[in-house]
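Lettering follows sequence order; numbering is per chain, from 1. Note that the structure is predicted; figures quoted are calculated from it, not measured. FYI, side chains are in, hydrogens and waters are out, and symmetry mates aren't considered; it's all heavy atoms of this structure.
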Protein chains: 2
Amino acid sequence: MAKDYSLQHVSVSLSPQERFDEYLQSRAMRNTQQRRTVLEHVFSHHDHFDVETLIEQLPDKGEANYVSRPTVYRTLTEFVDAGLLRKFELGGRAIYEHDYGYPEHDHMVCNQCNQFFEFHSDEINNIRESVAQDYRFRVTGHRLLIFGICSDCAQPRRQKRKQDLI
Amino acid sequence: MAKDYSLQHVSVSLSPQERFDEYLQSRAMRNTQQRRTVLEHVFSHHDHFDVETLIEQLPDKGEANYVSRPTVYRTLTEFVDAGLLRKFELGGRAIYEHDYGYPEHDHMVCNQCNQFFEFHSDEINNIRESVAQDYRFRVTGHRLLIFGICSDCAQPRRQKRKQDLI
DNA sequence: ATCATTGCAAAAGATTTGCAAGGTC
DNA sequence: GACCTTGCAAATCTTTTGCAATGAT
């Protein structure tokens, strides 16, 4: 149901891993197993996720490549800093999504199933520009969420189960 | 610095107090001192606020008309429910603003001083409509935040102090 | 008098931090 | 070996909840 962005990916020369390596080196930070584990998992598929969900999917305590909760938090912050991920808040929690190499977009959120749907709109840039001019505001970014009911949930028959309150 | 909406206020027949009275009566809820205290304070001026700030401004424990923290939270939820306030999240906290009798608008937020600036854009509705059509999504609302640096903060000289991270 | 509401204390949920032990360069 | 990182435990911050006492109708 989400739009296919595969043909409009922003062209990038480095993989997320390579890009992160650069970031680490430029700051004299170390390439640890934990950082590799999280990075690999996060970029193995495109999805929005919260920390709880991510931790559930990573190896449990006792298993190989376990990453503790504080380290997951610390690492996600680094990814945002490195420009790999974007972060926003919804329902009292942080939501992360791919940024590096991924085209600009905004989100619809279904109030029923809490799923995200991405869309792109050029008009947002018009709004940003005109508002910036009116207020002599130097825009650095924006966040638009459109709330409502998705088409699946609008059909009472084959109703989808409510997703965990993302 | 915020746009003057005084001439475009949505016309309403009831004051927030009256409107809330209706809400209470329709639900067999009671008109308590605490609810009156919070309502009166919140609608004594137009401003965005978080719970902490509100509580600081309300009477302290021991003083007349003290309202406990849990009751403030409970009451704000009721105001949102009653259509008096809108709630959104920023910086890991809830921010509230007037809704009842106040025209639709969105916000710019200065990354430096954390101040809010309101603006109105009809184009948002175009975006909402066109996206809704594309995805057969039934839109119920939206939230747009534009981030950047406000004109005051952009001037290095008379720099404003950084506001508490609202 | 009935029953909603309050304040208190405590819980809950998300995220952060101090610090000693361990890992990377 | 130097020093960045990690995991643990505990703290922090925001918000919520159980419950007995209080107050509105």
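Between B:Ile55 atom CD1 and D:dT16 atom C1' there is a gap of 13 Å when expressed in whole angstrom units. A straight line from OH of A:Tyr66 to P of D:dG7 spans 7 Å, rounded to a whole angstrom.
Taking a 6.0 Å sphere around CZ of B:Arg138, one finds it holds 12 or fewer heavy atoms contributed by other residues, nucleotides or ligands. Counting non-hydrogen atoms of neighbouring residues, nucleotides and ligands closer than 6.0 angstrom, the CD atom of B:Gln57 exceeds 12 such neighbours. Around the CD atom of A:Glu123, the shell of radius 6.0 Å holds more than 12 heavy atoms that belong to other residues, nucleotides or ligands. Shown here is A:Gln133, whose CD atom has no more than 12 heavy atoms of other residues, nucleotides or ligands within 6.0 Å.
Each of B:Tyr96, B:Tyr102, B:Tyr100 was compared with B:His46 under the ring-ring contact (aromatic ring centres under 6.0 Å, His included) criterion, and only B:Tyr102 meets it. Across A:Arg27, A:Arg30, A:Arg35, a single residue satisfies salt bridge (charged side-chain N to carboxylate O under 4.0 Å, His left out) together with A:Glu78, and that is A:Arg35.
Using a 4.0 Å cutoff to heavy atoms of chain B, the contacted part of DNA chain C runs 5' to 3' from C:dC3 to C:dA9.
If you look at A:His48 and A:His98, their ring centroids are not closer than 6.0 Å. Between A:His107 and A:Phe88, the distance separating the two ring centers is shorter than 6.0 angstrom.
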Show the numbers, then the answer: is there a side chain to side chain contact (heavy atoms under 4.5 Å, CB included) between A:Tyr73 and A:Thr77?
CA-CA 6 Å; A:Tyr73 275 98; A:Thr77 301; 5.5 Å; no

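Formation of a donor-acceptor pair under 3.5 Å by the A:Arg128 side chain with backbone atoms of A:Ile124 is not found in this model. A:Glu89 places a side-chain N or O within 3.5 Å of a backbone atom of B:Gly92 that can act as its donor or acceptor partner.
In the helix from C:dA1-D:dT25 to C:dC25-D:dG1, the rotation axis of the first five pairs and that of the last five pairs differ in direction by 30°, rounded to 10 degrees.
Take A:Glu129 and apply the side chain to side chain donor-acceptor pair (under 3.5 Å) test, not counting sequence neighbours, and it matches no residue. The salt bridge (Lys or Arg N to Asp or Glu O under 4.0 Å) test applied to B:Asp47 returns no partner, not counting sequence neighbours.
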Enumerate the protein-to-nucleotides 3-5 of chain D contacts in which both atoms are nitrogen or oxygen and the separation is below 3.5 Å.
| from | atom 1 | to | atom 2 | distance (Å) |
| --- | --- | --- | --- | --- |
| D:dC3 | O2 | A:Arg30 | NH1 | 2.9 |
| D:dC4 | O4' | A:Arg30 | NH1 | 3.4 |
| D:dT5 | OP1 | A:Arg30 | N | 2.8 |
| D:dT5 | OP1 | A:Arg35 | NH1 | 3.0 |
| D:dT5 | OP1 | A:Arg35 | NH2 | 3.4 |
| D:dT5 | O5' | A:Arg35 | NH1 | 3.1 |
| D:dT5 | O5' | A:Arg35 | NH2 | 3.4 |

Do nucleotides 9-15 of chain D as a string where each nucleotide becomes B, S or -: B if the base has a protein heavy atom under 4.0 Å, S if just the sugar-phosphate does, - if no protein is that close.
B----SB

